[in-house]
Amino acid sequence: MSDAPSGVLAKPGEAIGILGGGQLGRMLACAAAELGLDVHVFTPEKDSPASRVARRTWVAEWDDEAALADFIADTKVVTLEFENVPTRTVDTLETLGRQVRPGVRALAVAQDRLAEKTFFRENGIAPAEFRRIDQADDILPALEALGGKAILKTRFSGYDGKGQVVLETGADPVAAWSEIGAQRAIMEAFVPFAHEISVVCARSADGDFRAWDPPKNIHEKGVLRRSIFPAPLSADVLAAATGLARTLAEKLDYAGVLALEMFVGEDGSLLANEFAPRVHNSGHWTSDACHVGQFEQHVRAVCGWPLGDPARHSDGEMLNLLGAEVHDWPQHLTDGARVHLYGKRRALDGRKMGHVTRLSPR
Ligand code: AMP
């Protein structure tokens, strides 16, 4: 193979590493394979979805330094599919001389809702109004300051609406504090949004930026149910949202794909909810409806390859298959949908088991 251009960290025939073994890692690994790369997975989970398509897997704890050293020995660059990988794991890999994209900075901001909302605010990306909550006694004054309706969210390890409770005037602060596990939290004003959208976008280490058309996202019980693309909103609103995601990627000096989830008001106003320093469920449709999808784009960015064209060739809708819904896969195979199944062995209630994309026109 000829010499690679400067900035290329992994070439076809070489291996990249993925921290985390879930469905996002599995789809990243498939995209990497399409580009001629081998994939090494590091995950504490046995028999994970990603491990079953990877060349090699290390099943070990995040602080197992010997396993981490072995994992990177033959791996040119490392990425992640799970934002709660401990930052110490990433520090260890970088100390051992292996670059991790995205790096510790983006992870540290994304892992702590207080750091995340503060970072948004400091960089002109307005979040909903929020207060820091360190104890049950902080709850009532914050609830009053936020207008009497708010959401209490744990600062760390929350996902898919877990670790959250909606509070209204008259709420019992002690019960709310115990409901979120009596841990450090933030309280956020309840936003009467008209729509939820996300900007899924990519930035290369040398500053190239590409974004997909933002989808409208419909959540049920805090979990993404459907993404409709493109979002049925004005071009101005979507361009403003994309500009905020670009600011975020630049301020984080980000390399890879990220997703910024936003609330849109009736008047088109935008508030940032949270961001994911990784490929995102609301970007799954891009592989079916765009010239280059999020998984391929992320691999390109991580490896230091040129970014591809995110232009969308179809409209449509992505539907998550949750829990037992995956058992309908034979029907989806024949009804014109693009079917993506994650190979998970047990269809636990609410678990993300697969997704289907319906394009129009087909
Ligand atoms: P999160 O885990 O923070 O993304 O929250 C999960 C879902 O809860 C969001 O997608 C919204 O549907 C809803 N939600 C979160 N924060 C707020 C808020 N401040 N106001 C209204 N709804 C919210």
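Counting from 1, the numbers follow the sequence of the chain as shown. These numbers come from the heavy atoms of this one structure, side chains and all, not from hydrogens, waters or symmetry mates. Whatever order the structure lists them in is the order used to number ligands and atoms, beginning at 1.
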For [X] and ligand 1, does the shortest N/O to N/O distance drop below 3.5 Å?
{"X": "V191", "value": "yes"}
{"X": "G222", "value": "no"}
{"X": "R113", "value": "yes"}

**Prompt:** Contact between A150 and ligand 1, counting heavy atoms under 4.0 Å?
**Reply:** no
- Task: Would you tell me whether H280 and S198 have side-chain atoms, one donor and one acceptor, within less than 3.5 Å of each other?
- Result: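 Judged by distance alone, the side chains do not pair up.
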Check: Do you see a donor-acceptor pair shorter than 3.5 Å between the side chains of D267 and S269?
Finding: yes
Quiz item: Could D38 and R56 be called an ion pair, given the rule that one side-chain N must be under 4.0 Å from one carboxylate O?
Solution: no
query = Could K251 and E122 be called an ion pair, given the rule that one side-chain N must be under 4.0 Å from one carboxylate O?
reply = no
**Prompt:** Out of Q164, E274, E196, M187, who gets a non-hydrogen atom closest to atom 5 (O) of ligand 1?
**Reply:**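 That would be Q164.
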I'd like to check R225 versus N320 (side-chain heavy atoms, cut-off strictly below 4.5 Å). Are they in contact?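 Answer no - side chains too far apart.
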Near [X], which atoms of ligand 1 are under 4.0 Å from a heavy atom of that residue?
{"X": "H219", "value": "10 (O)"}
{"X": "K153", "value": "3 (O), 15 (C), 16 (N)"}
{"X": "E188", "value": "16 (N), 17 (C), 18 (C), 19 (N)"}

At under 4.0 Å between heavy atoms, what of N217 touches ligand 1? The answer is neither
**Asked** What class does the angle between the rings of W58 and F71 fall in, given that below 30° is parallel, 30 to 60° is tilted and above 60° is perpendicular?
**Response**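 Because their plane-to-plane angle is over 60°, the rings of W58 and F71 count as perpendicular.
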Fill in: Flag if over 12 foreign heavy atoms under 6.0 Å of CD, E144
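Not more than 12 within 6.0 Å, no.
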